[in-house]
Amino acid sequence: MNEKRTENILEVEEVIMAFGGLVALINLDFQVQHHTIKAIIGPNGAGKTTLFNVITGSFSPTEGTVRFNGKSIENLKAHEIAKLGISRTFQTIELFTNMTVLENVMVGCHTRIKSSFIASGLRLPQVKRKEEQMRSKAMDILEFVGIADKYNESADSLPLGERKILEIGRALATEPELVCLDEPASGLNETETQAAADLIRRIKDKGVTVWLVEHDMKVVMDIADDIMVLNYGEKSAEGPPLEIQNNPKVSEAYLGGGEENNA
Amino acid sequence: MEKITFASQLMQYLITGLTVGSIYAMVAIGFNIIYNVTEIINFAQGEFVMLGGLIMVFLHVAAGLPLLAAFPLTIILVTLAGMLLDRLAISPIRQPSVLTLIIATIGASIIIKGIAMFIWGKDPFDLPAFSGRNPIHLMGAVIQPQYLWVGGFLIIIVILLTFFFEKTIIGKAMSACAENPDAASLVGINVKHMILLSFSLSAAIGAVAGITITPISLMEYDRGAMLAIKGFGAVVLGGLGSFPGAILGGLILGTIESFGAGLIHSGYKDAFALIVLLAVLFIRPSGLLGSVEVSKFKRF
Amino acid sequence: MLKIEKLRAYYDTIPALKGVSVEVPEGEIVSIIGANGAGKSTLLKAISGLIKTQQGRIAYKDQDIAGRAANKIVALGISQVPEGRQIFAHLTVQDNINLGAYLYFKRRNRAEIAERMSEVYTLFPILKRRVKQIAGTLSGGEQQMLAIARALMGRPELLLLDEPSMGLAPLIVREIFAVIKKLNESGTTILLVEQNAKTALNVAKHAFVLETGEIVLEGLASDLLDNPKVKEAYLGG
Amino acid sequence: MLRIGKLPITFFALFIIVFPWIARVIPGIGHYPDLLIFAGIYCLMTMGLSLLLGYTGQISLGQAAFYGIGAYVSAILTTTYGLNPWLCMIIGMIVAAIVAIMVGVPALKLRGHYLAMATLAFGIIVFIIFNEEVEWTGGPDGMSGIPGLSVFGFNFDTTEKYYYLVWFFVYAAFIFTINVIQSRSGRALRAIHASEAASNAMGIDVSRFKIMVFVYSAILASLAGSLYAHRLNFINPTTFDLFFSIKLLIMIALGGMHDIWGAIIGAFLITFLSFEWLHFFGEFEVIVYGVILLLIIIFLPHGLAGIPHIVKGWLRR
Amino acid sequence: MSKKITVLVLVCLFGIGVVITPALADSYKIGAVFAVTGRASFLGDPEKKTAVMVADQINKAGGIGGKKLELIVYDTEGDATKANLAVKKLINQDKVCAVIGPSLSGTSMAVVPLAAQYKTPLISVAASYKITWDDKANKARHWVFKTPQTDTMAVEAIYTHLKKRGINKIAIMSVTSGFGKSGHGELVRLAPQYGMNIVADEFYGPKDTDMTAQLTKVKGLAPKAIVNWSIGPTQVVILRNWKDLGMTSIPFYQSHGFGSRKNIELAAGAAEGVYTPLGAINVAEILPTSHVQKNVTMQFFNDYSARYKEPLSSFGGHSWDAMHMVIKALRAVGCNRTAIRDFLENNTAGFVGQHGVFNYSQKDHIGLDKDAFLMIVVKNGDWALAQ
């Protein structure tokens with residue numbers, strides 16, 4: 001189904017995003033290659049979250065195009081983009097707190113396994129079968145992300161680290177080609193961060209492209225294949241981790257030339 | 001009898017609309033004061049108006065107190081009722097959600113209405129107009145002196161409230177509670193007192209509305225619900241939480257009703273007002289002067 | 001000055017603090033570090049009265065203040081700068097600062113307020129230039145300064161700071177910590193909660209490490225800074 | 001709370017089936033099946049509303065309008081045009097569904113109190129139409145002579161026959177609703193309630209689902225309206241006024257709105273309170289009613305359906 | 001498990017509802033349904049008070065043939081569903097001999113089928129002729145009677161009076177409630193018959209605070225008289241607006257809903273010169289002693305005022321009429337539903353009630369005609385018989 005005519009899974013061209021008078025993204029251009037991990041870094045207020053929302057369809061850009069597998073998606077709604085194969089997590093974890101861990105992931109299966117309102121109301125045989133199918137698929141995903149043992153717990157009873165993992169699992173359940181992760185490591189302790197980084201690598205190994213916004217430089221340097229630095233809505237640098245690390249412009253803009261964060 | 005011109009008819013509709021609208025606006029302001037501090041839509045707001053009217057009748061007509069004494073005393077009594085409402089019905093709720101609060105205020109309004117029925121019975125009551133009933137003629141239209149009192153009190157309320165919220169520390173503290181109750185308590189503001197104050201204030205304004213409208217339209221125990229609905233409409237039309245919005249919403253609602261009744265079809269006058277309200281909401285989901293954020297993330 | 005003993009608190013039914021004991025000597029800066037969700041903010045909220053605690057004692061100047069309402073605690077001289085600033089975004093800077101002195105306003109103590117205000121403006125000159133501005137339009141760093149300024153207006157003897165570095169650029173963080181040091185030098189006791197462990201340990205004398213609702217390490221900040229466990233877990237190696 | 005066990009469902013069905021016999025035996029409650037007919041009619045509406053409000057988080061203060069649409073379509077088409085009542089019932093549901101789509105598409109974009117006001121306004125407008133279009137609806141005097149229901153010559157003319165008919169519909173709707181709740185669609189609804197942003201990100205077409213549930217609740221309300229009209233053989237607008245919409249809201253809030261059982265308990269409770277039990281208080285009835293509302297809201301924020309939860313909490317301690 | 005507890009709770013709640021209804025032996029039961037509270041309480045409240053008073057008077061005087069009269073009253077709150085359930089309960093559970101009420105035409109229509117279904121006589125105290133007349137079958141409903149005058153009679157009385165004064169260009173105003181709509185229908189229907197030309201037809205809501213807009217429109221059309229059909233405070237407010245707008249030169253006719261002195265008082269002078277068709281009971285004091293209803297109405301007037309310490313509302317008269325006719329039937333035939341019905345239809349001719357002299361017949365279950373209304377005008381703050 002995926003004819004990979006282009007090498008890039010995601011292409012952002014000349015995107016401008018303005019809110020009233022405030023311009024959050026200025027002529028942004030970048031690409032994400034298939035089967036890579038691309039990270040976006042930048043100081044607070046650089047426009048990372050805005051960019052995130054533009055790509056996942058929460059906002060339509062004021063100008064410019066966003067192409068996914070060659071198809072422009074900038075005017076699609078969030079749920080349509082999800083159906084095309086882009087899935088996301090949220091910076092301020094947005095789990096379905098009124099459900100169990102398993103159900104959260106099952107909601108993720110929503111996109112791929114259909115059954116109508118009326119069919120489910122009548123509990124037609126196919127509904128039951130699909131329900132089983134969803135359940136086992138969701139269990140597989142929980143297995144994959146490593147929290148299968150907690151499948152029956154309420155989502156909001158999980159510790160922060162596992163909530164983040166669950167959110168990633170839920171995103172995977174939509175069978176995306178591209179997952180967008182919004183600060184997957186923020187607020188996590190070292191072990192949890194390690195687990196998250198490890199999971200992101202395994203996702204890539206599964207053949208899913210990862211695009212992430214992250215604060216934790218260590219994680220980014222560790223896992224990303226490619227890094228883009230965003231500052232005041234503009235791209236200030238792009239390249240592989242080593243290059244970025246040694247780019248003086250980057251450390252000045254992002255790290256403020258400071259010693260404290262550079263540990 | 002003099003011939004009546006179309007222009008003077010329009011003038012009359014406008015005057016009537018603005019008078020009725022002023023009452024809606026007063027109810028709407030009362031809604032907003034409580035809403036801004038607590039995010040509660042107080043459906044018992046109309047009962048304050050009813051109580052204002054009936055207590056005034058009792059003090060002024062039955063007990064014979066002079067107008068100037070009965071007026072403040074009525075406001076004080078209704079304010080007390082507002083405080084009781086907060087203490088007995090709102091603050092005991094341990095897990096407030098929008099819906100439970102709506103139902104609590106509805107429950108409270110049923111109780112207040114029931115008690116009023118016991119005290120005053122089911123008959124309507126009249127109050128003498130403040131300055132007689134000799135109408136003033138303006139461009140062929142008729143203005144009851146009482147209309148001017150209604151409009152005048154609306155203006156006084158607006159001025160007093162503006163002063164209160166802009167110039168006094170208590171007013172600022174109330175705005176602070178509305179914005180962030182936790183942060184407010186961290187600077188030493190007693191949030192519960194502020195909520196109590198918001199109920200008192202809006203009860204007082206309701207009382208003024210009740211006192212001023214009773215000479216025009218009489219008052220009976222079950223008038224509150226309709227006024228509450230109209231006031232709520234005005235609040236939403238203007239935008240939740242916005243005081244200018246409340247006034248604008250109230251006046252627009254009153255005027256549409258009046259023109260709708262006069263020019264189109266009087267049986268459908270309430271429907272016209274509501275259709276306009278719906279149209280506004282569908283075009284501007286946060287009302288005329290409301291901010292979008294206010295309406296976000298409210299769960300039932 | 002502040003002595004917390006075996007404090008327990010719950011969020012719904014989930015325990016957030018499981019018997020935490022912390023001591024803040026007068027005139028010091030004490031830091032509490034730990035990851036998100038470790039219970040740091042809960043601890044501060046428990047002290048300032050924003051949440052109810054189940055068990056344990058919070059003694060301020062030998063007076064048990066556990067369970068008192070937040071507005072009563074402010075009056076005792078404990079001010080909190082809450083996490084995420086929480087300024088009154090729709091009010092002006094001046095209003096925010098005035099509200100900080102809310103308790104004094106009631107006492108009609110104008111001279112004292114004016115004096116206090118000029119002190120605060122000396123500390124944060126940038127705020128003076130923005131008095132008429134709506135607080136929500138300030139930059140993140142300015143908002144943090146306003147939040148601190150507002151708390152200072154309450155004449156605190158003990159200042160509780162919840163993640164003052166959160167979401168700020170390193171340059172601004174340095175500026176803010178300089179002010180914190182200055183405040184401490186002028187006699188204000190400070191209890192600082194930080195995720196940014198290095199910054200927090202650099203400024204503090206004593207420090208505690210909080211992990212999933214329990215104190216796992218405590219001691220002199222300088223010792224903790226060198227502690228390999230802390231290094232690994234919170235300083236990113 | 002989320003899984004709805006088979007046992008209570010069966011128990012409930014048995015209770016419904018045997019109740020008329022019980023009522024006959026126990027003195028003083030012989031007329032209870034009569035009340036239960038109305039409780040059942042209300043259940044149809046509260047179940048829809050529970051799905052809409054409790055599960056999806058969208059308020060509606062205009063449900064009485066759909067109830068009225070069902071009743072008036074049935075009344076007008078049977079009395080004025082002599083159509084078959086069953087056909088009228090179906091037409092009523094279709095009309096209600098169309099109206100629900102027309103209103104729901106713009107209205108469900110609104111949130112919170114704005115949505116409440118929009119649905120409230122819709123309800124009042126429909127009420128005014130019932131009241132004003134005298135030619136069609138008979139105005140405030142209402143319409144009488146609405147025929148009863150019968151199927152192949154079997155008349156549902158006694159209380160008990162109608163009781164079983166109504167409860168057949170209620171039970172069917174109940175099972176349907178439970179099935180929806182426990183399926184992909186139900187999960188999507190709860191997901192919308194928890195986070196619209198995340199639901200969108202999971203590929204759930206949030207606005208479509210909201211409208212679907214709104215339409216479903218409208219169809220149930222319309223069915224309820226038709227059943228009401230054919231039972232009473234008479235309708236007038238005041239039955240379908242705003243206060244009835246509010247009463248429905250009260251029902252699910254008291255019963256417990258996050259639970260389909262809450263919808264049923266609430267409908268029972270309010271039916272019996274307002275039609276039966278509060279008679280003892282005479283003119284104090286209104287006040288007692290208000291006090292009960294307040295007490296339940298204050299002490300049982302999750303409604304009566306939350307009692308087992310509280311009891312379990314006590315037992316655990 | 002948890003659900004079982006809920007169900008248990010539910011069952012317990014049912015238990016609370018179960019009450020032992022004490023069966024009073026040796027009593028005649030009359031059931032009554034009135035809108036005691038709610039939007040029509042101005043009707044139901046005096047109706048209930050009157051019925052209770054009548055029952056007490058009868059019992060004090062030794063009951064009916066030695067048996068006590070037991071009156072069971074349920075409140076309909078003006079709600080059709082409640083009325084329906086209450087009447088069913090009265091008939092099946094309380095086993096009453098006859099039912100009086102409901103207060104409103106709408107609620108009456110909701111219980112009319114029950115009278116036939118359960119073969120129980122029902123005497124409605126609401127206005128509409130449809131209550132007793134089946135348009136489709138074109139005959140009177142077998143089991144249903146009513147005591148109040150109909151809107152038709154009131155309209156006829158007003159139109160007759162207008163015609164006598166030579167007025168034929170009129171404006172009509174009505175409230176959008178059942179009362180107003182029903183009157184409006186009759187006003188429009190009978191207009192051609194009396195040669196009335198309706199130039200304005202305006203409405204207002206039952207809780208409206210101001211009708212200036214509608215009256216302004218009416219003023220512009222310059223009718224020769226205004227006929228207003230409403231009840232409750234709106235009919236007072238409209239009078240004030242009428243006076244304020246300087247329209248007193250246009251004669252104002254109120255419906256028979258205006259029949260309480262309280263309204264004159266509330267109108268604060270604005271009611272002066274207003275015409276209204278009223279039943280005899282409203283004007284008991286000013287009736288000439290020769291009037292056939294003088295005695296009954298004065299008696300009732302005095303009893304009611306003495307007992308309830310409030311001005312008499314003429315609506316109570318409707319339930320007085322109904323109560324006394326049922327009592328008359330009970331004395332004659334005992335508690336036999338069929339016999340009571342037959343008695344009412346055949347043996348109550350000439351019954352002198354509060355609102356007229358009743359003559360029920362097989363074809364007429366209303367029993368009154370337009371002479372049951374007297375044309376009254378407000379003069380010096382009190383009723384006076386109009387010329």
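Using a 4.5 Å cut-off between heavy atoms, B:Phe272 makes no contact with chain D at all. Heavy atoms of B:Leu277 lying under 4.5 Å from chain D belong exclusively to its side chain. For B:Phe282, the part lying near chain D is the side chain, with the backbone staying farther off; criterion is any non-hydrogen pair under 4.5 Å. Within the 4.5 angstrom heavy-atom criterion, no atom of D:Ile292 approaches chain B. Interface remark: B:Ile115 contributes backbone and side-chain atoms alike to the contact with chain D (heavy atom separation under 4.5 Å). For D:Ile287, the parts sitting under 4.5 Å from any heavy atom of chain B are the backbone and the side chain alike. Contact annotation for B:Ala225: only side-chain heavy atoms (C-beta onward) come within less than 4.5 Å of a heavy atom of chain D.
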### Task
List the steps and the verdict of side-chain contact (heavy atoms from CB on, under 4.5 Å) for B:Thr100 and D:His302.
CA-CA 9 Å; B:Thr100 50; D:His302 292 288; over 6 Å; no
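Partners of B:Phe165 according to the ring pair (Phe, Tyr, Trp, His ring centres under 6.0 Å) rule, which considers only residues two or more places apart in sequence or in another chain, are B:Phe243. Not counting sequence neighbours, the partners of D:Lys210 by the salt bridge (Lys or Arg N to Asp or Glu O under 4.0 Å) test are D:Glu196.
Across D:Asn131, D:Val103, D:Leu293, D:Leu110, the residue that shares the most heavy-atom pairs under 4.5 angstrom with chain B is D:Leu110. Here B:Leu281 is the residue among B:Leu281, B:Asp270, B:Leu101 with the most heavy-atom pairs under 4.5 Å with chain D. For the set B:Ile93, B:Ile41, B:Thr105, the count of heavy-atom pairs under 4.5 angstrom toward chain D peaks at B:Ile41.
When all heavy atoms are compared, the tightest approach of B:Val236 to D:Tyr114 is CG1-CD2, 3.6 Å. D:Ile298 approaches B:Pro92 most closely through the heavy-atom pair CG2-O, 3.7 Å. Minimum interatomic distance between B:Gly267 and D:Ile128 (heavy atoms only, all atoms of both residues): O-CG2, 3.8 Å. Here the closest non-hydrogen pair linking B:Ile103 and D:Ala253 is CD1-CB, 3.1 Å. In terms of heavy atoms, D:His113 sits closest to B:Phe232 at O-CZ, 3.8 Å.
The CG atom of B:Leu274 lies 8.0 Å from the CG atom of D:Leu120; values are rounded to the nearest 0.5 Å. Atoms CD1 and CD1, from D:Ile124 and B:Ile275 in turn, are 12.0 Å apart once rounded to the nearest 0.5 Å.
For D:Arg208, the CZ atom sits in a loose shell: 12 or fewer heavy atoms of surrounding residues, nucleotides or ligands are nearer than 6.0 Å.
The salt bridge (Lys or Arg N to Asp or Glu O under 4.0 Å) contacts involving residues 252-265 of chain B comprise B:Lys230-B:Glu257, where partners must be two or more places apart or lie in separate chains.
Under the 4.5 Å side-chain criterion, counting only non-hydrogen atoms from C-beta, D:Ile129 is in contact with B:Tyr268.
Near-neighbour residues of residues 241-252 of chain D relative to chain B, defined by a heavy atom under 4.5 Å from a heavy atom of that chain, comprise D:Leu242, D:Phe243, D:Ile246, D:Leu249, D:Ile250.
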